[in-house]
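Just so you know, ligand 1 is whichever comes first in the structure, and atom 1 is the first atom listed for that ligand.
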Amino acid sequence: MSVALDPALIEAVTRFAALPRVLVALDFDGTLAPEVDVPDEARALPEAHEAIRDLAAAPNTVVALVSGRSLDSLARAGRVPSSVPLVGSHGLEVRLAVDDVRPAATPADRARVDALRAVIAPLVEMVDGAWIERKPAGFAVHTRTVDPPSARALTETVREAARRADPDLTVRDGKNLIEFAVRDATKGDGLAVLREEFRPDAVLFAGDDVTDEDALAMLTHDDLGIKVGAAPTVASHRVSDPQGMSDVLRLLASLRAEPAQGGSAHP
Ligand SMILES: O=P(O)(O)OC[C@H]1O[C@H](O[C@H]2O[C@H](CO)[C@@H](O)[C@H](O)[C@H]2O)[C@H](O)[C@@H](O)[C@@H]1O
């Protein structure tokens, strides 16, 4: 492990790991994967990826990813076993199993998104480095590689243009992006679907961004919330970065692993 974990967090993870049946729900970008300029190139840190694979194989343990990305994008970047449930589009899209995918957007939703994009795309095309990421029920305008004053100006220009074009949109500010959606859902909604489906004794949720607070705010009782980074949070525990989160996941995976069979394996 890279840095020592907070003793209170180690104690909380150990207590959580001792429960009979658990759900481990993890945000992706900024929590498992360090931020990069091209979203398709983001990858979970190797130690986190390995711990997720181990947790997915552990008894009475469900590990899921809960992301603002579309399901397709999350599956491409996440590279987790197909048995790992995925929640995409901030709770709107849910893949509980490979043959159980809940559709996110209707044809009417798509038409509304297309109409909005026709208004916003020309504004984005005028700014070097800005681009649009499509999602089933909306899109994000990315500004990570735009110079900061132009990024701020573009963000406010598209916010206002979108508000005028479609006043009922859901608008989210993310890290170097602004996002518009024609359907309202939160990561809290996505977490509720997972909880209902898998009926765990407790949930661990970890995330770094404002949208993760919707899920962290729904935790109760024996649940365990972990904030990644220094931003304000309702979570009771914190790690500083994805490396710290990898350390937590490795500890949890080791505690949840199937005990080695004793006996006469080695003569
Ligand atoms: O809920 P998350 O899994 O944290 O997803 C949030 C957004 O992540 C992606 O954008 C962010 O990460 C990119 C790759 O590091 C980075 O280039 C971008 O600046 C970040 O905002 C993703 O592209 C978005 O769709 C997600 O909403």
Looking at [X], which atoms of ligand 1 are within less than 4.0 Å of one of its heavy atoms?
X: Phe28; result: 3 (O)
X: Glu179; result: 27 (O)
X: Pro39; result: 14 (C), 23 (O)
X: Asp37; result: 17 (O)
X: Gly68; result: 1 (O), 2 (P), 3 (O), 5 (O), 26 (C), 27 (O)

Out of [options], indicate the one that has the non-hydrogen atom closest to [atom].
atom: atom 4 (O) of ligand 1; options: Asp27, Asp40, Asp173; answer: Asp27
atom: atom 27 (O) of ligand 1; options: Lys135, His142, Arg172; answer: Lys135
atom: atom 12 (O) of ligand 1; options: Ile178, Asp29, Thr211; answer: Asp29

Ligand 1 N/O within reach of [X] N/O, cut-off under 3.5 Å:
X: Glu133; result: yes
X: Ser67; result: yes
X: Arg144; result: yes
X: Leu177; result: no
X: Lys187; result: yes
X: Ala42; result: no

Output yes when Arg152 and Glu156 qualify as a salt bridge under the 4.0 Å nitrogen-oxygen rule, no when they do not. no
As a test of understanding, state which of Val228, Val66, Val63 forms a side chain to side chain contact (heavy atoms under 4.5 Å, CB included) with Leu26. Val63
When rounded to the nearest 0.5 angstrom, what is the spacing between [atom1] in [X] and [atom2] in [Y]?
X: Thr145; Y: Asn176; atom1: OG1; atom2: CG; result: 9.0 Å
X: Arg69; Y: Phe28; atom1: CZ; atom2: CZ; result: 5.5 Å
X: Arg43; Y: Asp40; atom1: CZ; atom2: CG; result: 7.0 Å
X: Glu196; Y: Leu191; atom1: CD; atom2: CG; result: 12.0 Å
X: Leu74; Y: Glu93; atom1: CG; atom2: CD; result: 9.0 Å

Asp212 side chain reached by Asp209 side chain, heavy atoms, under 4.5 Å: yes
Closest to atom 20 (C) of ligand 1 among protein heavy atoms sits Lys175 O, 3.4 Å
Got more than 12 heavy atoms from elsewhere within 6.0 Å of CZ, Arg134? no
Touching ligand 1 at all, Val36? Heavy atoms, strictly under 4.0 Å? yes
Joint hydrophobic cluster, Leu204 plus Val80, side-chain heavy atoms closer than 4.5 Å: yes
